[in-house]
Protein chains: 2
Amino acid sequence: MSDRPLNATAASLLGFLHEGPLTGWDLVATAQGRIGNFWSLTQSQVYRELTAMAEAGLVAAGERGPRDRRPYAITAAGRAAFASWAEREPGPESIRFPLLLTLAFGRHLPPGRLAAIVGRHRAAHAARLAGYERTRTAIETAGMGDDPYAQATLEFGVGYERAVLAWFDRLPPAIRGAGEWPDGAAAE
Amino acid sequence: MSDRPLNATAASLLGFLHEGPLTGWDLVATAQGRIGNFWSLTQSQVYRELTAMAEAGLVAAGERGPRDRRPYAITAAGRAAFASWAEREPGPESIRFPLLLTLAFGRHLPPGRLAAIVGRHRAAHAARLAGYERTRTAIETAGMGDDPYAQATLEFGVGYERAVLAWFDRLPPAIRGAGEWPDGAAAE
DNA sequence: TGGTACATGTAACATGTTACATGATTAG
DNA sequence: CTAATCATGTAACATGTTACATGTACCA
């Protein structure tokens, strides 16, 4: 039952458990859907955190169900730990963008190769933006603009992907290749 | 002399060493200046990678100089390893944004507290944007728009920070607090 | 009845972070 | 002479990733 502050990944699991008991599997799915956009975690990690938090008394494992499903419930200590995590000043974000590294050392690549890479990544970002915008309009039309917090994080995703696409489109032709990607999914 | 592919951090060190021998200290400073914007590394890590790469024959440690400075030079094997790293498809970027986590669980915080946090982070981003724009105009006015790759990564930083600020400014008042930050450094 | 999705978990390793120990050099 | 900065490095630990092993239940 160590008392060092929670890490953000563990804290977010506790956050989801406020809504009721969930299994490791459920937590992975929930996290990917709700915070996967700006916080990644693996299944392995989730099980590890759950085990550790159970040991620390922050969550309590329930009875194994049908498929060996083992639900975890947050405890009073878990709520307290979560609350004190939430009070802390969030740290600065970190972005790790391998494409930008490759680009930064672009001098060391044949130009066509770089352009091809850049093109593929642009397409991937366009697809992600499209996905975000679909869920966004789905929320609006369904009239369920209920959770302003979820909406704010989604808006971040949209804004981010738009900015990235706009950046791609302003890359000098020498880098991104001649008249590639005839467009169709640009910003705004 | 393991042959598993380089990790991106090690690869970027090799990238810098193409320009000549550098010490661990120099590499930390160089990396922070040139890729620190989208790739973070710590001093400890740099020394560890250098040691490992020296063992693997990718770099060669030189004589210790004045302050025990020990320059590392890239070897032929190092160049080859770097080249094959550069050929690989860069992985997807990962963003870890603690503020968004806190925001996603905003329901669990007193509103004033959240607004205060948000306000401080907005200010930090405004400051970073200002920094980027200073270096950007410095490059332009100095007439040294030489390295298009460095410029492209800088442009990413500018675009990113502007998008983040615009996002802050579109947050619902309930989240960001009433009429805070009278503004002055908004986008465009 | 066979494949897919569900579900849990471990092991091994890679990467990243924090804290500390040690000392040289330089600037004031 | 002394404080700040430069410089290297280690130790301990936290976090993240990949690969694998095992089996269950659902659905076509």
Side-chain angles (χ1 to χ4, degrees), chain A residues 2-13 21-33 35-36 38-56 59 61-72 81 85 91-98 101, chain B residues 2-13 21-33 35-36 38-56 59 61-72 81 85 91-98 101:
Chain A
S2 105
D3 55 355
R4 28 191 320 288
L6 283 181
N7 67 57
T9 296
S12 65
L13 299 182
L22 291 169
T23 67
W25 186 266
D26 295 336
L27 280 166
V28 171
T30 304
Q32 253 146 30
I35 59 174
F38 49 85
W39 200 268
S40 70
L41 34 67
T42 61
Q43 172 249 48
S44 236
Q45 229 184 125
V46 168
Y47 286 111
R48 181 162 61 189
E49 297 292 352
L50 283 175
T51 306
M53 289 196 293
E55 246 167 63
V59 297
E63 289 303 299
R64 283 180 186 278
R67 253 170 222 239
D68 252 22
R69 290 173 62 85
R70 186 207 285 265
Y72 286 85
W85 170 81
E93 86 266 34
S94 71
I95 301 187
R96 312 200 112 218
F97 208 149
L101 271 189
Chain B
S2 107
D3 55 355
R4 29 189 320 288
L6 282 181
N7 67 57
T9 297
S12 67
L13 299 181
L22 292 169
T23 67
W25 186 267
D26 295 336
L27 280 166
V28 171
T30 304
Q32 253 147 28
I35 60 175
F38 49 86
W39 200 267
S40 69
L41 35 66
T42 60
Q43 172 249 48
S44 239
Q45 231 184 124
V46 168
Y47 286 111
R48 181 163 60 190
E49 296 293 351
L50 284 174
T51 307
M53 290 197 292
E55 246 167 63
V59 296
E63 290 303 300
R64 284 179 184 279
R67 250 171 224 242
D68 251 21
R69 291 174 62 85
R70 187 207 285 265
Y72 286 85
W85 170 80
E93 86 264 36
S94 71
I95 302 187
R96 314 200 110 220
F97 207 149
L101 272 189

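Within every chain, numbering begins at 1; the chains are lettered A, B, ... in the order of the sequence lines, protein sequences first and strands thereafter. The analysis underlying the following values was restricted to heavy atoms, covering all of them including side chains, and did not include hydrogens, waters or symmetry mates. Being a predicted model, the structure only gives us computed values, none of them experimental.
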- Query: Given D/dT8, D/dG16, C/dT8, which nucleotide is nearest the side-chain atoms of B/R70?
  - Reply: D/dT8
- Query: Can you find a side chain N or O atom of B/Y47 that sits less than 4.0 Å from OP1 or OP2 on D/dG9?
  - Reply: no
- In whole Å, what is the span from the CD atom of A/E49 to the P atom of D/dA14? 11 Å
- Query: So, does B/R96 use its side chain to make a donor-acceptor pair with the main chain of A/S40 at under 3.5 Å?
  - Reply: yes
- Note on the structure: Rounded to whole Å, the CG-C1' distance (B/L27 to D/dA7) equals 13 Å
Identify each donor-acceptor pair in which a side-chain atom of residues 45-53 of chain A lies under 3.5 Å from a protein atom, sequence neighbours left out, and give them as a table.
| from | atom 1 | to | atom 2 | distance (Å) |
| --- | --- | --- | --- | --- |
| A/E49 | OE2 | A/N7 | ND2 | 3.3 |
| A/T51 | OG1 | A/Y47 | O | 2.8 |

Protein-nucleic acid N or O pairs under 3.5 Å, nucleotides 17-22 of chain C:
| from | atom 1 | to | atom 2 | distance (Å) |
| --- | --- | --- | --- | --- |
| C/dT18 | O4 | B/S44 | OG | 2.7 |

- Message: Using the side-chain hydrogen bond (donor to acceptor under 3.5 Å, both in side chains) criterion, which residues pair with B/S12? Sequence neighbours excluded.
- Response: none
- Which residues pass the side-chain hydrogen bond (donor to acceptor under 3.5 Å, both in side chains) test with A/T9, sequence neighbours left out? A/W39
- Item | Atom-to-atom span, CG of A/L6 to C1' of D/dT15 - whole angstrom | 14 Å
- Do any side-chain nitrogens or oxygens of B/N7 fall under 4.0 Å of OP1 or OP2 in C/dA14? no
- Whole angstrom is fine here: how far is it from CH2 in B/W25 over to C1' in D/dT5? 7 Å
- Task: Can you tell me the distance, in whole Å, between the CD atom of B/E55 and the P atom of D/dG9?
- Result: 13 Å
- Task: Examine C/dG9: is either OP1 or OP2 under 4.0 Å from a nitrogen or oxygen in the side chain of A/T51? Give yes or no.
- Result: no
- With sequence neighbours left out, the residues meeting side-chain contact (heavy atoms from CB on, under 4.5 Å) with A/P92 are none
- Note on the structure: note: B/R69, atom CZ; D/dT5, atom P; distance rounded to Å ~ 17 Å
- Query: Taking atom P of C/dA5 as reference, at what distance in whole Å does atom CG of A/D26 sit?
  - Reply: 18 Å
- Applying ring pair (Phe, Tyr, Trp, His ring centres under 6.0 Å) to A/W25 and not counting sequence neighbours gives none
- Message: For D/dT8 and B/T23 - does any side-chain N or O of the residue sit under 4.0 Å from the phosphate oxygens OP1/OP2?
- Response: yes
